Visitor: 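Quick one: the structure is below, questions incoming.
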Amino acid sequence: MERPERAAAALGAQPRANGCSGAVHGALRNGYVRGLPAPDTQINHIVHNGGLYKRPFNEDFEETPMLVAVLTYVGYGVLTLFGYLRDFMRQWKIEKCQNATEREEQKDFVPLYQDFENFYNRNLYMRIRDSWNRPICSVPGAKVDMMERVSHDYNWTFMYTGRVIKDIINMGSYNYLGFAQKAGTCQEAAAKVLSQYGAGVCSTRQEMGNLDKHEELEKLVARFLGVESAMAYGMGFATNSMNIPALVGKGCLILSDELNHASLVLGARLSGATIRIFKHNNMQSLEKLLKDAIVHGQPRTRRPWKKILILVEGIYSMEGSIVRLPEVIALKKKYKSYLYLDEAHSIGALGPTGRGVVEYFGLNPEDVDVMMGTFTKSFGAAGGYIGGKKELIDYLRTYSHSAVYATSLSPPVVEQIITSMKCIMGEDGTTVGKARVQQLAENTRYFRRRLKEMGFIIYGNEDSPVVPLMLYMPAKIGAFGREMLKRNIGVVVVGFPATPIIESRARFCLSAAHTKEMLDT
């Protein structure tokens with residue numbers, strides 16, 4: 001990564017509007033700072049375009065310490081070396097331990113993975129497979145009940161003991177506003193609709209599956225977002241993967257953040273459009289791609305692109321970072337392109353009234369061409385939505401694969417969304433929704449501050465309820481997840497290939513339902 005001295009000098013001379021502190025010793029092109037004096041070694045985003053921001057914008061991405069990086073590579077190297085050595089010894093019948101070999105019943109099948117993927121799964125992933133897919137048997141609220149399981153064959157299969165581990169503090173679910181609950185107004189309303197409409201619709205929206213509840217939901221979503229119209233879908237992942245191909249195609253250009261979710265990546269690939277990647281939250285990288293796209297046009301023919309679509313997320317679920325939306329919108333307007341904003345994690349979780357990253361920055365919803373989000377997180381339900389101009393939504397009703405072929409949202413799920421959204425908006429006659437939004441913001445700041453005080457390296461924006469805690473070493477991934485579970489805390493641990501090889505982490509997802517005592521624990 002380049003470190004231009006002129007940029008460092010310029011940054012050092014400019015006032016910083018995002019509330020960052022500390023002298024700039026060496027600036028990277030993506031707005032991070034390198035080489036701050038000890039002990040304060042955190043790396044803050046520097047907002048070059050300070051005038052676009054109406055509030056402080058602080059993000060920390062501390063560089064991996066050199067010793068830690070070296071030890072992490074050595075750890076993976078030792079695991080890989082011994083894995084290949086033991087595979088070789090098994091082949092010659094020297095090694096007696098067969099734990100890292102496929103089960104007999106699997107050997108008749110054609111391998112699903114390439115050689116190295118197969119090796120990685122058998123020798124590295126299988127060692128810590130018990131850290132994932134743990135079955136819970138309760139509402140995913142602030143605390144959950146989990147079914148105990150054991151493995152007698154090196155984590156290839158699991159057996160349930162019949163014991164239930166009670167009251168595990170749930171730091172893994174995306175239950176940001178605490179609406180995942182088995183009692184209360186949302187549950188009562190959903191139960192009433194279940195008795196009236198049943199559980200399923202058994203048809204698509206364009207046939208016999210368009211209920212009055214769906215119409216009510218879409219009008220409410222449009223009002224909540226401040227847009228002309230909206231459309232709801234039965235699956236959040238498919239909202240991205242099936243609608244992007246309806247918006248762009250051959251002869252169009254997609255500019256995608258390098259850390260975008262798999263649903264955005266799949267949608268972009270299915271569209272047939274040309275895809276170019278810009279560095280995460282890096283406005284210089286995005287602007288360079290926009291300039292090149294306009295100057296050079298399409299490859300070979302040099303014709304102008306039919307459309308240029310920028311794909312970004314509100315909150316990035318693995319980094320805990322927030323999109324630099326004011327700058328993205330400024331670039332979108334400057335270069336006459338379109339903006340697709342995925343608010344899966346930010347809707348409900350950001351902004352004074354929970355209206356997402358657009359409200360968080362005090363921006364106009366009309367400046368975002370396609371506003372996408374999901375009901376699976378802050379609303380404690382399922383499905384997704386797209387909001388925007390009426391012409392856009394009318395077009396998607398006709399051409400979106402999700403609208404034409406997918407089964408409609410389940411009526412009780414629709415009612416859960418309607419009730420929780422009205423609660424957030426204050427239309428239920430209470431201030432419960434507003435209090436939940438404020439509680440989540442307080443929990444987020446408190447938890448991040450406490451972890452930093454304890455000396456942990458934390459990634460992301462100070463207002464993001466997604467809190468990645470860096471583990472780095474491969475052995476720590478399984479150990480951290482297991483030790484936390486022993487202490488009745490459920491966390492998500494993440495390693496390669498979901499993250500860079502030297503950036504393994506634990507990810508905490510905060511909720512308005514968490515009490516201060518739970519966070520202290």
Side-chain angles (χ1 to χ4, degrees), residues 177 179 186 189 193 201 204-206 209-236 238-240 242-244 246-247 312-314 325 329 338-400 402-404 406 408-411 413-428 433-434 437:
L177 295 182
F179 282 113
C186 291
V193 167
V201 181
T204 68
R205 291 289 297 275
Q206 291 196 355
N210 192 29
L211 304 180
D212 56 343
K213 283 291 174 186
H214 294 131
E215 301 278 352
E216 180 187 350
L217 171 63
E218 289 175 347
K219 288 175 184 173
L220 182 66
V221 170
R223 203 164 78 247
F224 182 66
L225 297 175
V227 295
E228 291 179 12
S229 187
M231 185 171 182
Y233 300 89
M235 181 182 178
T239 306
N240 278 332
M242 293 291 102
N243 282 298
I244 293 173
L247 297 172
V312 293
E313 293 185 47
L325 193 60
I329 288 176
Y338 295 97
L339 176 59
Y340 186 111
L341 174 63
D342 178 347
E343 289 224 71
H345 288 268
S346 54
I347 195 69
L350 286 180
T353 61
R355 283 169 167 81
V357 72
V358 177
E359 184 190 45
Y360 175 79
F361 285 113
L363 302 170
N364 187 345
E366 292 183 2
D367 289 334
V368 180
D369 301 288
V370 187
M371 295 185 72
M372 177 271 172
T374 64
F375 304 123
T376 54
K377 299 169 179 70
S378 293
F379 304 98
Y385 67 82
I386 283 185
K389 293 192 180 299
K390 188 176 184 301
E391 297 90 334
L392 168 72
I393 304 305
D394 289 345
Y395 172 84
L396 288 176
R397 289 189 198 280
T398 306
Y399 292 99
S400 164
S402 285
V404 179
S408 306
L409 269 166
S410 169
V413 172
V414 172
E415 189 61 25
Q416 164 76 18
I417 302 163
I418 290 172
T419 311
S420 58
M421 192 173 288
K422 283 183 176 179
C423 181
I424 296 168
M425 296 168 75
E427 293 186 5
D428 62 343
K434 187 176 181 181
V437 174

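What you see below is based on every heavy atom in this structure, not just the backbone, and it leaves out hydrogens, waters and symmetry mates. For clarity, every value in this text was computed on a predicted model and none was experimentally measured. One-based numbering along the sequence shown.
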Visitor: How would you list, by chain and number, every residue that makes a ring pair (Phe, Tyr, Trp, His ring centres under 6.0 Å) with Tyr338, sequence neighbours excluded?
Guide: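 Expected list: none.
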Visitor: To the nearest 0.5 Å, tell me how far Ser346 OG sits from Glu359 CD.
Guide: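 Here the interatomic distance stands at 11.0 Å.
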Visitor: Considering non-hydrogen atoms only, spot the tightest contact between Leu409 and Gly383 and give its length.
Guide: CD2-CA, 4.2 Å
Visitor: Which pair of non-hydrogen atoms, one from Ala382 and one from Phe375, has the smallest distance, and what is that distance?
Guide: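 Ala382 and Phe375 have their closest heavy atoms at O-CB, 3.6 Å.
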Visitor: Let me see the working for Asp367 and Leu339 under side chain to side chain contact (heavy atoms under 4.5 Å, CB included), right down to the final yes or no.
Guide: CA-CA 8 Å; Asp367 289 334; Leu339 176 59; over 6 Å; no
Visitor: Could you check whether any side-chain N or O of Gln416 sits under 3.5 Å from a backbone N or O of Phe379, counting only pairs where one atom can act as donor and the other as acceptor?
Guide: yes
Visitor: Enter the distance from Ile424:CD1 to Thr419:OG1 here, rounded to the nearest 0.5 Å.
Guide: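 One finds 11.0 Å between CD1 of Ile424 and OG1 of Thr419.
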Visitor: Check side-chain hydrogen bond (donor to acceptor under 3.5 Å, both in side chains) between Glu427 and all other residues, then give those that pass, not counting sequence neighbours.
Guide: Arg223
Visitor: State the CG-CE distance between Leu225 and Met372, to the nearest 0.5 angstrom.
Guide: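 One gets 11.5 Å once the value is rounded to the nearest 0.5 Å.
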Visitor: So how far is it from Ser410 OG to Glu415 CD, rounded to the nearest 0.5 Å?
Guide: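 Rounded to the nearest 0.5 Å, the OG-CD separation comes out at 11.0 Å.
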Visitor: Do the side chains of Asn243 and Leu396 get nearer than 4.5 Å, heavy atoms only?
Guide: yes
Visitor: Enter the distance from Ser402:OG to Met231:CE here, rounded to the nearest 0.5 Å.
Guide: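 Ser402 OG to Met231 CE: 8.0 Å, rounded to 0.5 Å.
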Visitor: Would you check if Val414 and Leu211 make a side-chain contact, meaning some heavy-atom pair closer than 4.5 Å?
Guide: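 Not touching, per the 4.5 Å side-chain cut-off.
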Visitor: If only atom types and distance count, is the side chain of Ser420 paired as donor or acceptor with the main-chain N or O of Phe179 below 3.5 Å?
Guide: no
Visitor: Please list every donor-acceptor pair under 3.5 Å in which a side-chain atom of residues 384-395 meets a protein atom from a residue at least two apart or in another chain.
Guide:
residue, atom, partner, partner atom, Å
Lys390, NZ, Asp394, OD2, 2.8
Tyr395, OH, Ala246, O, 2.8

Visitor: To the closest 0.5 Å, what do you measure between CG (Leu220) and NZ (Lys422)?
Guide: 6.5 Å
Visitor: The criterion is side-chain hydrogen bond (donor to acceptor under 3.5 Å, both in side chains); which residues satisfy it with Asn364, sequence neighbours excluded?
Guide: none
Visitor: Using every non-hydrogen atom in the two residues, find where Ala403 and Thr204 come nearest and quote the distance to one decimal.
Guide: O-CB, 4.2 Å
Visitor: Could you tell me whether a side-chain N or O of Glu343 sits under 3.5 Å from a main-chain N or O of Met371, the two making a donor and an acceptor?
Guide: no
Visitor: Start with the C-alpha distance between Val358 and Leu325, add both sets of side-chain angles, then the distance that settles side chain to side chain contact (heavy atoms under 4.5 Å, CB included), and finish with yes or no.
Guide: CA-CA 8 Å; Val358 177; Leu325 193 60; 3.9 Å; yes
Visitor: Checking side chain to side chain contact (heavy atoms under 4.5 Å, CB included) against Glu216, which of Lys219, Glu218, Lys213 comes through?
Guide: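 Only one option passes, and that is Lys213.
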Visitor: Tell me, do Val437 and Leu177 make a side-chain contact under 4.5 Å, heavy atoms counted?
Guide: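 SC-SC contact between Val437 and Leu177 confirmed.
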Visitor: Taking ring pair (Phe, Tyr, Trp, His ring centres under 6.0 Å) as the cut-off, I'd like each qualifying pair that reaches into residues 210-236, sequence neighbours left out, listed once.
Guide: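 Not a single pair qualifies under ring pair (Phe, Tyr, Trp, His ring centres under 6.0 Å).
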Visitor: Would you say Gln206's side chain and Arg397's backbone share a donor-acceptor pair under 3.5 angstrom?
Guide: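 Judged by distance alone, yes, a pair lies under 3.5 Å.
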Visitor: Taking all non-hydrogen atoms of both residues into account, name the closest pair between Ala349 and Ser378 and its distance.
Guide: N-OG, 3.7 Å
Visitor: Taking side-chain hydrogen bond (donor to acceptor under 3.5 Å, both in side chains) as the test, write out the residues that go with Asn240, two or more places apart.
Guide: Ser263, Tyr340, Asp342
Visitor: Could you tell me which non-hydrogen atom of Gly209 sits nearest to which non-hydrogen atom of Ser408, and how far apart they are?
Guide: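 Smallest interatomic distance, heavy atoms only, reads O-OG, 2.7 Å.
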